[in-house]
Protein chains: 2
Amino acid sequence: MLTKKSKYGLKAVLVLAEEAGRGPVLVSDLADRHRIPKKFLEAILLELKRHGLLQSKKGKGGGYFLSRKPSEITVGQVIRVLDGPLALIPCVSQTAYMKCEECGDEKTCGIRLAMKEVRDATAKILDNTTLAGLNAKVHPPRKGRRRI
Amino acid sequence: MLTKKSKYGLKAVLVLAEEAGRGPVLVSDLADRHRIPKKFLEAILLELKRHGLLQSKKGKGGGYFLSRKPSEITVGQVIRVLDGPLALIPCVSQTAYMKCEECGDEKTCGIRLAMKEVRDATAKILDNTTLAGLNAKVHPPRKGRRRI
DNA sequence: ATTTAGTCTATAAATTCTATAGACTAAATA
DNA sequence: TATTTAGTCTATAGAATTTATAGACTAAAT
């Protein structure tokens, strides 16, 4: 399961993507917008900042904003920071490999084999889904004709 | 993350698949084979039995065995019983749909969109991975030439 | 100086995961 | 039919993780 932490983080970051270029957004605004406990969200944004996905500005006129363009930040990156590896078992993680405690022999582990496939498919999707891309799919440009 | 429950359950069930047709296997044997706490494994197997994946026989010469052929039981079925839906958020589950508590509008939820893709990819893999198939991949027939 | 708003540490409440204990029931067989 | 074997069921406990909340502190703006 995706934790609330990741869910909240993603919601916030998607808003920051919408607002990109218009200056910092208040934690309070982000929290209100999606009814996220403010203090919890603060911790989440801080973690994203520490990992380089966000930047912030203190004091009046402060708030959070994306470190990179919305088209250069993926859902996979956000989830990895907040929930850890995408892989369902540590021994198939690309970014945080670990031997499973109880594992006898990785080469003959069927579970590992199946989970590897799942991890790869998941990573392929989430590492190619950018904030910009996602927002575009969900908030399509109004009526009007498509730009040429 | 896959819980130990699912991991243990899958390991047990893969052994039962190997032993299929040779009569019931003792819980103790399954537990020993993979160093699984016996009482915990009992609970797991019972749950799989309740969901119709396993059958059991009490008394001397008893034990557990698969309800169907190893080629007719999938990893997806086992995981759903033990860990619940494959979907990372309830609103994209096919087998156990639920509205997300904090969700405003599903149609404009980017997270849902991304998670739907992941669920579908995961289900496609796990619902097509049978116990027989997995065992075959991992314990390939010895030397000898391939049957014609 | 004052107000605004993010930073950091600590801790608490709730939930879920992992495991264990023990009494009970069904089946086999001697 | 008594005994042994092995699964069934209920209850509960310990550990870990998730989900927050409180409060003191720091940087920036005016």
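Computed from a prediction, not measured in an experiment: that's the story for all the values here. A note on names: the letters A, B, ... follow the listed sequences, proteins ahead of strands, and every chain is numbered from 1.
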Pairing stems for DNA chain D [at least three consecutive pairs; Watson-Crick or G-U; under 3.5 angstrom]: C:1-30 with D:1-30
Reference residue A:V13; test side-chain contact (heavy atoms from CB on, under 4.5 Å); the match among A:L54, A:I44, A:L53: A:L54
Check against side chain to side chain contact (heavy atoms under 4.5 Å, CB included), B:L126 and B:T74: CA-CA 7 Å; B:L126 296 183; B:T74 69; over 6 Å; no
B:T3 vs C:dT16: side-chain N/O to OP1/OP2 distance below 4.0 Å: no
Length of the OH-C1' vector between A:Y64 and C:dT4, whole Å: 14 Å
Approximate separation, where rounding is to 0.5 Å, of A:L131 CG and A:L10 CG: 8.0 Å
Nucleotide of D:dT8, C:dT7, C:dG6 approaching A:L46 most closely (side-chain heavy atoms): C:dT7
Whole-Å distance separating the CG atom of A:L82 from the C1' atom of D:dT17: 15 Å
A:R68 side chain to A:E72 backbone, donor-acceptor under 3.5 Å: yes
Check: B:K99 side chain, B:C103 main-chain N or O, donor-acceptor pair, under 3.5 Å: yes
Atom CE of A:M1 with >12 non-hydrogen neighbours under 6.0 angstrom: yes
Electrostatic pair A:E47-A:R50, nearest N-O below 4.0 angstrom: no
Rounded interatomic separation in angstrom, taking NZ from B:K4 and C1' from D:dA16: 11 Å
B:Y8 vs C:dT18: side-chain N/O to OP1/OP2 distance below 4.0 Å: no
Letter per nucleotide, 5' to 3', of nucleotides 21-30 of chain D [B base touched, S only sugar-phosphate touched, - untouched; heavy atoms, 4.0 Å]: BBB--BBBS-
D:dA6 phosphate, OP1 or OP2, under 4.0 Å from B:S28 side-chain N/O: no
Value in whole Å for how far the P atom of D:dT18 lies from CD of A:E47: 11 Å
From CG (B:L41) to CZ (B:R35), nearest 0.5 Å: 15.0 Å
First encountered from the 5' end of DNA chain D, between A:D83 and B:K49: B:K49
A:L2 CG - D:dT17 C1' separation (whole Å): 15 Å
Point-to-point distance, once rounded to the nearest 0.5 Å, from CD of B:Q77 to CG of B:D127: 7.0 Å
Interatomic distance where NZ belongs to B:K5 and C1' belongs to C:dA19 [whole Å]: 12 Å
Atom-pair distance (CG on B:L30; C1' on D:dG7), nearest Å: 13 Å
Atom-to-atom span, CE of B:M1 to P of C:dT18 - whole angstrom: 11 Å
Sugar-phosphate only, base, or nothing, as touched by B:L45 at under 4.0 Å among non-hydrogen atoms: nothing
Presence of B:R50 side-chain N/O under 4.0 Å of D:dT8 phosphate oxygens OP1/OP2: no
ILVMFWY network linking B:L82 to A:L88, side-chain heavy atoms under 4.5 angstrom: yes
